[in-house]
Amino acid sequence: MNEKSEIEDKSTWAIGGGLLLGLGIGFFFLQTSALAFVGCLIGGLGLGLILTAIISRF
């Protein structure tokens, strides 16, 4: 087997993590407002994208 010694970029994990964070927070607001739930999802996705941009610089 040939194994490559590559450094894997795990900064894209921040997108999924932010989305799951928004999902978890959004579940608390789901009974109150469906728009708040969607807003939390979009906010979590945006936070993950910002963290990905910051992490990938290093």
Side-chain angles (χ1 to χ4, degrees):
M1 258 197 255
N2 293 334
E3 292 186 29
K4 295 182 181 179
S5 60
E6 294 180 10
I7 299 174
E8 293 184 21
D9 185 24
K10 295 191 178 186
S11 63
T12 56
W13 285 29
I15 298 171
L19 189 62
L20 286 176
L21 180 68
L23 180 69
I25 293 171
F27 277 138
F28 288 107
F29 296 112
L30 186 58
Q31 291 181 347
T32 307
S33 173
L35 289 176
F37 176 73
V38 173
C40 287
L41 282 176
I42 293 173
L45 181 61
L47 179 69
L49 287 171
I50 290 171
L51 284 175
T52 300
I54 292 171
I55 291 172
S56 66
R57 294 179 89 190
F58 300 112

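Quick note: residue numbers are just sequence positions, from 1. Small disclaimer: the values here were computed from a predicted structure and weren't measured.
- Looking at every heavy atom in both residues, I25 comes nearest to C40 through CG2-SG, 3.8 Å.
- One hydrophobic cluster holds both I15 and L41 under the rule that ILVMFWY side chains link at heavy-atom gaps under 4.5 Å.
- Hydrophobic clustering of Ile, Leu, Val, Met, Phe, Trp and Tyr side chains at less than 4.5 Å, counting indirect connections, keeps L49 apart from I55.
- The shortest non-hydrogen separation linking A36 to F29 is CB-CB, 3.8 Å.
- Annotation: side chain of T52 is not in contact with side chain of W13 (no heavy-atom distance under 4.5 Å).
- Cluster annotation: L23 and L19 are assigned to the same hydrophobic cluster (Ile/Leu/Val/Met/Phe/Trp/Tyr, side-chain heavy-atom contacts under 4.5 Å, transitive).
- I42 and I50 are members of different hydrophobic clusters when ILVMFWY side chains are connected at heavy-atom separations under 4.5 Å.
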